[in-house]
Protein chains: 2
Amino acid sequence: MMNLELDFRSGVPIYLQVVERIKERIADGRLKPGDQLPTVRALAQELRINFNTVARAYRILDEAGVISTQQGRGTYILEMPPPEVSAEIRRRAVRALIQRALIEAERMGASPDEFVDFVNEQVRRWKENGRLQPIEFEEGV
Amino acid sequence: MMNLELDFRSGVPIYLQVVERIKERIADGRLKPGDQLPTVRALAQELRINFNTVARAYRILDEAGVISTQQGRGTYILEMPPPEVSAEIRRRAVRALIQRALIEAERMGASPDEFVDFVNEQVRRWKENGRLQPIEFEEGV
DNA sequence: TGTACAATTGTATAATTGTATTATTGTACT
DNA sequence: AGTACAATAATACAATTATACAATTGTACA
């Protein structure tokens, strides 16, 4: 039971109100990292609104990096709200990340140049699109 | 312990991620013909997912002729992994590997240029030494 | 041996979860 | 009135989980 208070007469869209109420709950600590939010249908029933409206609010929070919504599983408050990762910590983490990728690539038999080529290829797309999207896989081999 | 890395936020279905991770393990030789994979329940527990999701991944690999699943017995890497465990599969595996690293780096707040810088820095060492060595980290922040 | 039975394995199906697409409703503006 | 647009709802769908089941293996005991 979330007990979010909505104002249907305010003219503010419901989905935005839901977004704000949840942000408040996180800000004041009533929602903590790892907590599971109600399912879109459960919260919709509680608020007497359509579950798509809740889904829309969740999607906005997801894109803002506040929560993680996972089809078939649920939605959760994220562990690490993005901004406050300090520069130094981040640099180390990225270095370690790349190191692991390099070691795996080497194990797969990739050459350093091949690796760099792929990186450049994908970084170019990253810069062009402004954001990254997962590669798609076929079901077959 | 398989230590497969999943990304629950990527939007790529878990079962497909499991398929790809296992293909990579076969491609780079960490899984060899005859090896037994973890049981669906064991792998599910390790990955904190439902065992039916693992079963779905195994079924796809089975239908692709990569593994053999036997009710009541277990699942095994087939003696003759289909031919395409070769250049093309490896390229795709390396691409996917880099993609995952990029997505994680982006989430950590790294810029494309910063990422490329680190890659070049480490690849240079790779070329010089002829091999890779893990980075050492100091304690504390 | 062999037989009964529990434990362990993968399988099948339904229920639950979020997602995508389309239709409906409401509101502001001409 | 009419039109355009945003918000909400309806519907169908895909991913994951829950539950019950079937096949195989291991083990105890006659």
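Numbers restart at 1 for each chain; the letters A, B, ... are given by sequence-line order, proteins then strands.
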**Request:** Using side-chain contact (heavy atoms from CB on, under 4.5 Å) as the criterion, list what pairs up with Gln70(B), not counting sequence neighbours.
**Result:** Ser68(B), Arg73(B), Tyr76(B)
**Of residues 35-45 of chain A, the positions that come close to DNA chain C - non-hydrogen atoms, cut-off under 4.0 Å** = Thr39(A), Val40(A), Arg41(A)
**Request:** Could you state the atom-to-atom distance from CG of Asn50(B) to P of dT13(C) in whole Å?
**Result:** 17 Å
**Request:** Calculate the interatomic distance between Asn52(A) atom CG and dG18(C) atom C1'; express it in whole Å.
**Result:** 10 Å
**Asked** To the nearest 10 degrees, what angle separates the axes at the start and end of the helix from dT1(C)-dA30(D) to dT30(C)-dA1(D), five pairs each?
**Response** 10°
**Asked** Between atom OH in Tyr76(A) and atom C1' in dG18(C), what is the gap in whole Å?
**Response** 11 Å
**Message:** Tell me the closest heavy-atom pair linking Met108(B) and Val94(A), and the distance in Å.
**Reply:** SD-CG2, 4.0 Å
**Prompt:** Has the side chain of Gln17(B) got a donor or acceptor atom that lies under 3.5 Å from a matching backbone atom of Val12(B)?
**Reply:** yes
**Complete:** Phe51(B) atom CZ is separated from dA12(C) atom P, nearest whole Å, by 13 Å
**Asked** Quick one: CD on Gln99(B) to CD on Glu121(A), what's the gap to the nearest 0.5 Å?
**Response** 9.5 Å
**Prompt:** How is Thr69(B) classified with respect to the nucleic acid when contacts are heavy atoms under 4.0 Å: base, sugar-phosphate, or nothing?
**Reply:** sugar-phosphate
**Message:** Restricting to non-hydrogen atoms, name the atom on Ala57(A) and the atom on Val18(A) that form the minimum distance, rounded to 0.1 Å.
**Reply:** CB-CG1, 3.6 Å
**Message:** Please report the distance, rounded to the nearest Å, between CZ in Arg73(B) and P in dT11(C).
**Reply:** 13 Å
**Request:** Taking atom types as modelled, find out whether Ser111(A) and Glu106(A) have a side-chain donor-acceptor pair closer than 3.5 angstrom.
**Result:** no
**Request:** Mind checking the CD1-CZ spacing from Ile77(B) to Arg25(B)? Nearest 0.5 Å is all I need.
**Result:** 11.0 Å
**Integer-rounded Å distance: dT11(C) P and Tyr15(B) OH** = 17 Å
**Message:** Pick the closest DNA chain D nucleotide for Arg48(A) and for Arg48(B) by heavy atoms, then say which residue is nearer the 5' end.
**Reply:** Arg48(A)
**Prompt:** Could you state the interatomic distance from CG (Leu97(B)) to CZ (Arg107(A)), rounded to the nearest 0.5 Å?
**Reply:** 10.0 Å
**Request:** Report the residues that fulfil side-chain contact (heavy atoms from CB on, under 4.5 Å) with Lys23(A), sequence neighbours left out, ordered by chain and then residue number.
**Result:** Val19(A), Glu20(A), Leu61(A)
**Prompt:** Does Gly74(A) offer a backbone N or O that forms a donor-acceptor pair with the side chain of Gln36(A) under 3.5 Å?
**Reply:** no
**Message:** Just to be sure I understand the rule, does Arg59(B) reach a base, reach only the sugar-phosphate, or reach nothing, if contact means heavy atoms closer than 4.0 Å?
**Reply:** nothing
**Message:** Need two values: the first and the last nucleotide of DNA chain D, 5' to 3', having an atom under 4.0 Å from any heavy-atom of chain A.
**Reply:** dA7(D) to dT17(D)
Please tabulate, one pair per line, all N/O donor-acceptor pairs under 3.5 Å involving side-chain atoms of residues 46-54 of chain A, not counting sequence neighbours.
residue: Glu46(A); atom: OE1; partner: Met2(A); partner atom: N; Å: 3.2
residue: Glu46(A); atom: OE2; partner: Met2(A); partner atom: N; Å: 3.2
residue: Glu46(A); atom: OE2; partner: Asn3(A); partner atom: N; Å: 2.7
residue: Asn50(A); atom: OD1; partner: Asn52(A); partner atom: N; Å: 2.8
residue: Asn50(A); atom: OD1; partner: Asn52(A); partner atom: ND2; Å: 2.8

